[in-house]
Amino acid sequence: MKIFNIVGARPNFMKIAPLLRAAQKYPRLKMRLIHTGQHYDYNMSKTFFNDLSLPKPDIYLGAGSGAHAEQTGRIMIALEKAALKEKPDLIIVVGDVNSTLAGALVAAKLHIPLAHIEAGLRSFDRAMPEEINRVVTDSLSDLLFIPDPYARDNLIKEGIPRSRIFSVGNIMIDTLHYYLPKAKKSDILTRKDGIGKLGLSSKQYAVLTMHRPANVDNRKTFSRLIKALTLLARDIPIVFPAHPRTLKQIRLFGFNKYFSPASNILLTKALGYLDAINLYLNAKFALTDSGGVQEETTALGIPCLTLRNTTEWKTTLTTGTNILVGTAPDKILKEGRKIILGKERKGRLPKNWDGKSARRIIRVILTTLRKDI
Ligand code: UD1
């Protein structure tokens, strides 16, 4: 039973690692790791393979960056060839990136059964490329593995039969549970070549991640966010490991001057998995526009302010530590200062975010493939 596991962009690696580990117990599952090459820089890809002990990909498609159709099309062309040659019995895609969409389209067109991990999430904002990827992928999937009850409601409203939906919890949290002891040993706060220079101690700083096109590709929105962050940084230092897209936009807009020791915002390159988790764990709070950080901070019990007007991770708002603050400086400052004063929102761990999602998924795959999808 040959299974193609598709990864391509940074958040995919954390979602596939536990699945490959859980499948090791079942020799009849021949797991093949396919890397589309959507992310290719060392600190966007290889460092995650090292941190998560992922095997070398069986197939590397080398798609690289590009406009949406260009990138998705390049992945599809290469993946279709590989699938025709290798004839997998199942294709598994994770999350909502362009590699997810490309994998789903290829599977559907070749009549290969398709499984989607992290199905059913909706921000209801079609301006987000990820929302298009989610809707299309779910509509094509045979097995839909959902992380929370909202996802089930969304899928049922879209007419997906209940028999295809499986509640398995959040697979990204499997990785968090598994690697937390190792992440706690990271020396990111003291390492002299980076954040260590600031001499920060635990809970004395906030951490920021920001890379959504809606925030960083739009000059006006980006400068409004910088205004809020600069004011907030007068009260607490902000550590900002930046995605390459964000670094490119900072250079393009000439915004480098806002990120200096004087501004109390420390800009660094994107971090590997273990360093990033250590940084969140020790932060007073996080500011983010990433989906993954909303999940991880809820799981770690760290307050999170999300710099967006919508989220696909509604559970992190209802159960977790997350608050949507949008991009208006007043709201960001108000909520940031509340946390600094110790009045943060307390959350709890959502149901089934227990580190056992991969095992549940493998069990479903084994029983379903036996019956034939
Ligand atoms: C992609 C996902 C997004 C996810 C993010 C995580 C889509 C539509 N978006 O966004 O959902 O949150 O990954 O990181 O799939 N770049 C590099 N080196 C790399 C990769 C990218 O320099 O290794 C730069 C390139 O300039 C590229 C830009 O980042 O054009 C954007 O990369 P891309 O993969 O298109 O989208 P992300 O913004 O990374």
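Remember, it's 1-based here, ligands and their atoms both numbered in the order they're listed.
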Name the option, out of Gly64, Ser290, Ser65, that contains the heavy atom nearest to atom 30 (O) of ligand 1. Ser65

Salt bridge check, Arg164 against Asp142: does any charged N sit closer than 4.0 Å to a carboxylate O? no

Count the heavy atoms of every other residue, nucleotide or ligand shown that sit under 6.0 Å from CZ of Arg337, and state whether that count exceeds 12. yes

Grouping I, L, V, M, F, W and Y whenever their side-chain heavy atoms are under 4.5 Å apart, do Tyr150 and Ile117 come out in a common cluster? no

Above 12 or not: heavy atoms from other molecules or residues under 6.0 Å from CZ of Arg28? yes

Checking heavy-atom distances from atom 6 (C) of ligand 1 to each of Pro11, Gly66, Ala9, the winner is Pro11

Quick one: look up the protein heavy atom nearest atom 11 (O) of ligand 1 and list residue, atom name and how far away it is. Glu130 OE2, 2.5 Å

Using 4.0 Å as the upper bound for N to carboxylate O, is an ion pair formed by Asp354 and Arg360? yes

Give the residue and atom name of whichever protein heavy atom lies nearest to atom 5 (C) of ligand 1, and the separation in Å to one decimal. His211 NE2, 3.6 Å

heavy-atom search around atom 20 (C) of ligand 1 in the protein gives His39 CD2, 3.3 Å

Could you see which bit of Arg10 sits under 4.0 Å from ligand 1, with heavy atoms only: side chain, backbone, both or neither? side chain

Considering residues, nucleotides and ligands other than Lys257, do more than 12 of their heavy atoms fall under 6.0 Å from its NZ? yes

If you measure from OG1 on Thr175 to CD1 on Ile173, what distance do you get to the nearest 0.5 Å? 8.5 Å

Out of Met44, Lys248, Arg245, indicate the one that has the non-hydrogen atom closest to atom 38 (O) of ligand 1. Arg245

Nearest-contact summary for atom 2 (C) of ligand 1 - protein heavy atom, Å: Val97 CG1, 3.7 Å

For atom 24 (C) of ligand 1, which protein heavy atom lies nearest, and how many Å away is it? Pro244 CB, 4.0 Å

Is any side-chain N of the basic residue among Arg308 and Glu312 closer than 4.0 Å to the acidic one's carboxylate O? yes

Go through ligand 1 atom by atom and flag the ones less than 4.0 Å from a non-hydrogen atom of His68. 8 (C)

Among all protein non-hydrogen atoms, which one is nearest to atom 16 (N) of ligand 1, and what is the separation to 0.1 Å? Tyr40 OH, 3.6 Å

Out of all atoms in ligand 1, which are within 4.0 Å of some heavy atom of Asn98? Include the element for each. 7 (C), 8 (C), 15 (O)

Quick note on ligand 1: atoms under 4.0 Å from a heavy atom of Gln71 include exactly 34 (O), 35 (O)

Counting from 1 in the order shown, the ligand 1 atoms closer than 4.0 Å to a non-hydrogen atom of Arg212 are 11 (O), 12 (O)

State whether the number of non-hydrogen atoms from other residues, nucleotides or ligands found under 6.0 Å of Tyr258 atom OH is greater than 12. no

